[in-house]
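Reviewing the structure listed below.
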Amino acid sequence: MSSTEPEGPPVPLTTRQRGPRRRTVRLRTLLVCLAVVPTVAMGTQTVLTAERLLDQSAHLRADVAASEHTGVPLYTLLVDLQAERTASAALWAGSPGAEQELRQRRQATDRAAAEFRRAAAEAGVSVGEVVRQLGDLAVYRGRADARTGTPDTLLAYYTALVNEIIRVYQHEFSHSEDAELTQASRPVVSLLSASEMMARQDALLALAGPSRELSAGAFDQFTSAVGAQRYLYETWVVPYLPERDRRFYERITTSPAWETKTRIENAIIFENKDSDTGIRLPSDVGEWRAAHASFSMQMATLNIDRARQVLTLGEAKADRLQTEVAWLIGGSGAGLLLVVAIVVASTRSVLRRLDGLHRRTVAVAERILPDVVARLGSGRPVDESVLPRVTGHRDEVGRINDAFARVVAVSVDGHRQLAAERHGFGMFASGIASRTGNLVSRQLALTEDIQDAFGHDEPLLAQLMRSDQLTVGMRRQIENLLILSGGEIPDPHTEPMRIADLLREAAAEVEDFRRIERQALDEASVQPHVISQISHLLAELLDNATRFSPPRSKVVIRAELVADGLSVEIEDRGPRVASATYEEMNQRLHSAPPYAVLAENAHRLGLFVVGHLAEQLGATVTLRRSVYGGTSAVVVLPGGLLDSSDRPAAQPAAQPAAQPAAQSRPAAEDPADAAGAGTGAAPARKAVRTPALTPESAPTPTPAPSAAPPEEPVPARVTGPRAVEPAPVPTPAGLPSRRRTDPAPPARTASAPRPALPARGAARPALPERVPQTHMSQQLRGPRAPETTDRQDPATPEEVADAWTDYEQGTRKVEEELRQDQP
């Protein structure tokens, strides 16, 4: 009962065989990242936008504050410088009262300059160039008082200072970063520039003085100033004024003072006269000062109103920006929460669907599909509703589910086809086994006839018995094929059988039965419908034990009742087997292998047959190391297979050698079996009811008696296929014989009937069954002679040679199997 599997751990796969390991990211992590990244990006954008808007609002408020704090003193300084320039030109021209007016204008300019410096220092406005040029004001005033230099240089200084002030307005208070404020502040700068052009005209006309003469250069400056201020008003002021300011501007331009201004400008340009000292202006120039004083005040009011509106718009814009920031933060926060909620809900929905798909897939892979495969393998119907179905969903998860359903459908169809092919092959193998079994049954019947005819020839009887044992082995192999192909061993027994008789029947199936030592430690009976299965299971284990153990060693089989049922232990003295090999063999005993595994282990089909039978009986078979170094097979049959109501009383452990074995009561015939016998069915295995035999009470060979003993009375033969078998009686050569239950008939002729073949329409025809130890010849039924003290070994030289040949063949077979299992 030793195994031939190689020992040692499996060789691990190399890195190239396993393939490179790639780190995969979980789908949950990807979905979380998909939710976190846009959320963080949106939050960052919101923060940056809010920060930019807040900076813009703060900048606007700072500009408005600087404009209110610095713009008013700067505008006052602008107006005062323009007036001082005109007074300085009048002083240079020698106009009456010019000194007094210039003194007043200079005082006003000094006050405005001091106020501007203080405001600029507090506001931090960049007016360094204005302050620097104001530092040169005293120098040019001195030149004006002393009349050194030229008047053009004096007027150019004031003009440059005024232009710098306008530049400060344009660059510092224009709000170029805001398009709305830039659009609103553009008319303010243009109004300041246009007012500067009219102030230049006023200064140039003051420079003409009482003589009303201008130099050519001064005249060109006047003409340029007129064109510039008209262009500025028409192009850069009027189109950008709001409706209210535009109406105010139209009132100014339609006033008498503005009309006088326009008339004088036209007269100067078109009605001037050239003189030796310059260009002489028309006489109505004297009306300029009164008209200029009127419309300049109105234009100053328009400038101040426009500047105040710009400042008010800046304040409102700053407030709107702060409101926008508040709404942005609130809306973005709500949007982020909504996005997070949607992403979380979507992620949970996707993960829930994927988890459901995973659980369904695992359930199909681990529970449903194996159950379907098992049902298909056993020929049972399959419930198609438990399998996944194609739903036709268009989303990704639905497509994956449909793809898995198609894979399962293809797998089930493949297993259904394989199950059909396996079932067909099983039917094919079962048919071959049945036909071969019929031939074996006919062979056994022929052997019985020959034994009956030539039983007086003991050498021939020994050869016949050996042929009979070989034929029995052939029948057991045929039954193995029937079991592995899905069939069942037909059981003709109708009465329970005692354990001792069951052990004897199993031992009779083994070729080397003489080495088997039976020990039935308890008296109990086995139910009739499982007798053949148990006997076949034990016969396979006994045959394995005798083949893989020394030829002279004993194989002990003992049976006793245990808490879980009936324990049968078979112990041999075979070679040592590794523990890992026992685990592998026990695994084969506990699982039914596919045909591929059977094909790879064709020389070890006995273990698979034992496993099949144990599964059908609900028994457990365990192989382990024996204390003698061999193998011990422990079979535990469940208590439900025992017939507790029919236990015989305990009998003595040994019986006298000369006492014949007690015969059991005949078994009742099964009507179905009787019918089968009448139609020519193959003979079936017979139930045996004999007392248990211990090693001490086992029959021992004795020398042949000198005279033939008287014939023993034999009961009438039972005509059914399940005739009760009496205990075996040994021959003088130590060979077991079969004893008939009816008188031996004369030798059969060639026309003797033979068992008929089974019907072709039978799905699984019953295999013919051999009844061991029932074919003893009539002359060998006499009582044994008492044993002598110094008896010799009853085995003949031929039997010893056969036993040694069997041992060598078994040894070579084990070595060959060990070499085949080596890697």
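Everything numeric here is computed off the predicted structure, so don't read it as measured data. The first residue of the sequence shown is numbered 1, and numbering continues consecutively from there.
- For the pair Val555 and Ser549, the minimum side-chain heavy-atom distance is below 4.5 Å.
- By the side chain to side chain contact (heavy atoms under 4.5 Å, CB included) test, Ile450 is found to be paired with Leu446, Phe454, Leu464, residues two or more places apart in sequence or in another chain being considered.
- Within the 3.5 Å criterion, the main-chain N or O of Thr631 finds a donor-acceptor partner in the side chain of Asp572.
- Val526 has its side chain out of reach of Pro496: every pair of non-hydrogen atoms, C-beta onward, lies at least 4.5 Å apart.
- Partners of Arg558 according to the salt bridge (charged side-chain N to carboxylate O under 4.0 Å, His left out) rule, which considers only residues two or more places apart in sequence or in another chain, are Glu569, Glu571.
- In this structure the side chain of Val634 reaches within 4.5 angstrom of the side chain of Arg624, judged on heavy atoms.
- Partners of Ser567 by side chain to side chain donor-acceptor pair (under 3.5 Å), not counting sequence neighbours: none found.
- In this structure, Arg504 CZ and Ile557 CD1 are separated by 12.0 Å, a value rounded to the nearest 0.5 Å.
- Judged purely by atom type and a 3.5 angstrom limit, Ser467 has no side-chain atom pairing as donor or acceptor with the backbone of Gln463.
- Of the possible donor and acceptor atoms, one in the side chain of Asp522 sits under 3.5 Å from a partner among the backbone N and O of Leu561.
- Residue pairs meeting the salt bridge (charged side-chain N to carboxylate O under 4.0 Å, His left out) criterion with at least one member in residues 524-542, sequence neighbours excluded, are Arg476-Glu540.
- In this structure, the separation between CE on Met497 and CD1 on Ile531 is 4.5 Å, given to the nearest 0.5 Å.
- Between the Arg625 side chain and the Val577 main chain, a donor and an acceptor come within less than 3.5 Å of each other.
- The two atoms that bring Ile570 and Ala545 nearest to each other are CG2-CB, 4.2 Å, heavy atoms only.
- For Leu470, the side chain to side chain contact (heavy atoms under 4.5 Å, CB included) criterion is met by Glu511, not counting sequence neighbours.
- Minimum heavy-atom separation, Val510 to Ala539: CG2-O, 3.8 Å.
- Under 3.5 Å, the side chains of Gln519 and Glu517 contain a donor-acceptor pair of N or O atoms.
- By the salt bridge (charged side-chain N to carboxylate O under 4.0 Å, His left out) test, Arg573 is found to be paired with no residue, residues two or more places apart in sequence or in another chain being considered.
- The closest side-chain heavy-atom distance from Ile499 to Glu560 is not below 4.5 Å.
- Here the straight-line distance linking atom CD of Glu479 with atom OG of Ser535 works out to 8.5 Å at 0.5 Å rounding.
- Thr546 places a side-chain N or O within donor-acceptor distance of the main-chain N or O of Leu542, the cut-off being under 3.5 Å.
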